[in-house]
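What follows is a single structure, written as structure tokens, with notes after it.
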Amino acid sequence: MSRNDEIATLLEEFADLLDANGVEYKPRAYRRAAENIRDYPGAIEGLAAEGEDSVGEIDGVGDAISSKVVEYFETGEIEELTELREELPVEMDALTAVEGVGPKSVGSLYEALGITTLDELEAAAEAGEIQEVSGFGAKTEQNILDNIDFAREAHERSLLGEARPYGDQIRAYMAAGDAVEECALGGSIRRWRPTIGDVDVLVGSTDAEAVIERFAGWDELDRVIESGDTKASAYADDVRVDLRVVDPTEFGAALQYFTGSKDHNVAVRNRAIERDLKVNEYGVFREVRSTSSSRTASDDDVEGVEDDDQRAGELVASESEEAVYDALGMEWVPPELRENRGEVEAAADGSLPDLLAEGEVRGDIHTHTNWSDGGNTIAEMVEGAADFGHDYLAVTDHATGPGMVGGVGVSDEQLREQMGEVESVAADADIDVFTGVEANIAADGTLSVADDLLADLDVVVASSHAALDGDGTDRLVTAAEHPDVNVIGHPTGRYLNRREGLDVDIDRLADVAAANDTALEINANPARLDLGGGAVKQAIETGANVVINTDAHSPRNFDLLRYGVHTARRGWAETDDVLNTRDADSLRKFLDA
DNA sequence: GCCGTTTTCGGCCCGACTGTTTTCAGTCG
């Protein structure tokens with residue numbers, strides 16, 4: 001966890017404790033500050049060392065919070081937070097993980113019953129004590145009992161690679177319903193985020209009841225959490241699925257709204273406000289001055305006054321996303337860009353990138369065979385790549401060295417032998433086949449394969465497989481400077497939900513990579529997606545090439561390419577930024593340079 | 001607690017759902 005994360009987590013805890021105490025507005029300020037500190041690209045400890053004014057440069061961080069940040073770095077604690085913890089000594093994260101229990105409930109239950117842990121919460125619920133507390137009742141108590149085991153499992157987010165096929169399945173099922181006019185996935189799954197909190201399904205229909213009924217009847221659902229007139233939530237195999245039903249005429253506005261991200265939508269709404277427009281999930285509306293001027297408290301008593309506040313004003317757009325953005329003077333924003341990283345401004349002045357498209361990648365230059373830990377022969381992998389539609393393939397089996405245990409990697413001698421075999425397969429192949437290796441980068445940046453051999457191979461991918469913590473910038477820079485290294489493979493070495501991987505100064509690495517004709521990989525394996533979108537954007541802006549590889553260990557892994565393509569799009573990649581959109585000849589020129 | 005080309009004070013994103021309540025609070029996304 002970076003120190004930015006560390007501070008952000010503390011501020012969020014601060015917010016929860018304030019919330020539990022019934023404090024208004026402050027919690028939101030703390031959460032906003034936490035979010036901005038977490039997203040801040042630089043190191044918070046550096047700002048803290050410079051003093052409160054520097055910390056206060058971060059959006060949403062003012063005098064009070066910046067002094068707490070500095071205090072934390074100087075003394076190791078935030079005194080006010082310590083006091084709040086003493087006043088309310090509860091396991092906040094564990095308790096609020098129970099569906100339906102938030103900070104305020106935690107505060108009330110501590111006040112009334114002294115509950116501090118999940119075990120105490122469960123005991124109190126079983127004893128029937130919770131329904132006696134003011135504001136709680138029998139149903140709330142039963143809900144707590146129903147949800148407490150689930151909360152104990154401490155759910156992590158699903159990988160995109162697991163959730164996406166699952167979302168496609170749900171969408172297909174819903175789309176086949178008679179009452180369903182339109183159906184789409186929204187939320188983070190539509191933005192292709194590496195991890196997914198839940199699967200959002202949006203349906204356009206004039207018969208919401210039938211749609212909700214169809215949803216509830218889906219075979220895969222384990223249990224339904226809530227089911228109202230226009231939305232329902234359920235769990236299927238521990239994945240939360242949220243359904244929304246909207247009128248087909250408002251489908252575009254709803255899809256825009258539910259695709260997010262939250263930050264993107266806030267920026268879009270602010271742009272609307274500047275234009276005297278209002279955006280919500282029902283559409284874009286223009287304030288109607290003549291009637292809104294009479295909007296006073298007495299209106300509540302007047303019959304015939306617009307009671308449908310959400311749709312108040314003159315409707316400007318709602319049916320399609322394109323119309324919604326157009327009404328705000330913006331180009332349609334591809335979902336992968338909707339993270340408030342400058343896309344709102346770019347869409348407004350017509351400078352959105354012309355993003356890489358699926359189908360433009362022409363080959364894979366990081367793959368494995370049964371010479372190392374792959375499951376197939378060189379010929380099978382080459383045939384698989386051709387069937388997939390690739391123009392070329394590089395065989396880059398693991399070399400022995402740091403991180404390659406159990407005899408997985410091949411020796412220099414075996415590599416020499418393999419080169420001959422790759423060339424003989426290549427002679428009969430329909431596509432171009434490159435020799436190669438995935439060499440290991442030791443902690444000091446040196447490689448595990450002899451230089452003369454590296455010079456003879458077409459493609460050298462250099463990757464770290466051991467000592468994957470701490471700052472890896474020097475290590476990767478050293479490897480990128482090696483004259484025969486073409487690709488830095490899965491640069492941070494992260495494993496989503498399992499390990500963070502190396503801290504890398506992407507700007508510095510990308511600078512060196514650009515100067516040395518070394519490409520930085522977007523590893524399309526859903527457990528990695530490394531580099532991620534934010535880092536890709538930085539690398540490209542610095543001038544480096546990226547390359548999208550699947551790291552395939554079998555022919556069916558070539559299908560994972562789409563996760564890499566959409567990750568590249570999240571990094572604003574255009575076709576020319578991506579090395580393997582080039583044809584084989586021009587790729588060869590890059591490799592030989 | 002933060003923020004400001006209509007404000008240094010008075011607002012803070014907001015709608016749906018549930019459950020506990022007789023008009024609203026808490027939670028969630």
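Note that the structure is a prediction, hence the values are computed from the model and not measured. Letters A, B, ... mirror the listed sequences (proteins, then strands); counts begin at 1.
With sequence neighbours left out, the side chain to side chain donor-acceptor pair (under 3.5 Å) criterion links Thr96(A) to no other residue. Under the side chain to side chain donor-acceptor pair (under 3.5 Å) criterion, Asp39(A) pairs with no residue at all, not counting sequence neighbours. Remark: Glu12(A) engages Arg38(A) in a side chain to side chain donor-acceptor pair (under 3.5 Å) (not counting sequence neighbours). Arg338(A) is linked by a side chain to side chain donor-acceptor pair (under 3.5 Å) to Glu321(A), Tyr325(A), counting only residues two or more places apart in sequence or in another chain.
Here the rule is side chain to side chain donor-acceptor pair (under 3.5 Å) with Glu339(A), and of Lys537(A), Arg193(A), His264(A), Arg570(A) only Arg570(A) fits it. With respect to Phe251(A), the side-chain contact (heavy atoms from CB on, under 4.5 Å) criterion is satisfied by exactly one of Glu182(A), Glu319(A), Gln256(A): Glu182(A).
Regarding Gln142(A), its CD atom lies at a distance of 17 Å from the P atom of dT18(B), rounded to whole Å. Look at CZ on Arg269(A): it is 7 Å from P on dC14(B), rounded to the nearest Å. Following rounding to the nearest Å, Glu281(A) (CD) and dC14(B) (C1') show an atom-to-atom distance of 8 Å. Distance Asn147(A) CG to dT18(B) C1': 13 Å, rounded to the nearest Å. Distance CD1 (Ile130(A)) to P (dT20(B)): 12 Å, rounded to an integer number of Å. Rounded to whole Å, atom C1' of dG15(B) lies 6 Å from atom OH of Tyr282(A). With rounding to whole Å, Glu226(A) atom CD is found 12 Å from dG19(B) atom C1'.
For dT7(B) and dG11(B), the C1' atoms lie 9 Å apart once the distance is rounded to whole Å. Taking atom P on both nucleotides, dA25(B) is separated from dT21(B) by 13 Å, rounded to a whole Å. Look at the C1' atom in both dC24(B) and dT20(B): the space between them is 9 Å, to the nearest Å. Separation of the P atoms belonging to dG10(B) and dG15(B) is 25 Å when rounded to the nearest angstrom. Here, dG19(B) and dC9(B) have their C1' atoms 37 Å apart, quoted to the whole Å. Of the C1' atoms belonging to dC14(B) and dT8(B), the separation is 27 Å, rounded to the nearest Å. Using atom C1' as the reference point in both dT27(B) and dC13(B), the two lie 15 Å apart (nearest Å). Remark: the separation of the C1' atoms in dG29(B) and dT23(B) is 24 Å, to the nearest Å.
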Problem - Base-contact (B) and sugar-phosphate-only (S) positions in nucleotides 1-12 of chain B, heavy-atom cut-off under 4.0 Å, - elsewhere - result: BSS--------B

Handout entry: Contact letters for nucleotides 23-29 of chain B, in which S counts primed atoms plus P, OP1 and OP2 and B counts the base, heavy atoms under 4.0 Å
Key = ---SSSS

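Note that Arg164(A) lies in the cation-pi zone of Trp192(A), set by a 6.0 Å cut-off to the ring centre and a 45° limit from the axis. A cation-pi arrangement, defined by a distance under 6.0 Å to the six-membered ring centre and an angle within 45 degrees of its axis, is absent between Arg3(A) and Tyr72(A). In this structure, Arg190(A) forms no cation-pi arrangement with Phe258(A), as its terminal cationic atom is not both closer than 6.0 Å to the ring centre and no more than 45° off the ring axis.
The side chain of Asn143(A) contributes no N or O atom lying less than 4.0 Å from OP1 or OP2 of dT18(B). Remark: Thr140(A) is not in phosphate contact with dT18(B), judged by side-chain N or O atoms under 4.0 Å from OP1 or OP2.
Atom CD of Glu77(A) has more than 12 heavy atoms from other residues, nucleotides or ligands within 6.0 Å.
With its glycosidic angle more than 90° from 0, dT21(B) is assigned anti.
Between the side chains of Ser205(A) and Asp207(A), not a single donor N or O lies within less than 3.5 Å of an accepting N or O.
The partner of dT8(B) is absent, by the rule that a Watson-Crick or G-U pair needs both atom distances under 3.5 Å.
Nucleic acid contact class of Thr230(A) (heavy atoms, under 4.0 Å, all strands): sugar-phosphate only. Ser134(A) comes within 4.0 angstrom of no nucleic acid atom, judged by non-hydrogen atoms across all strands.
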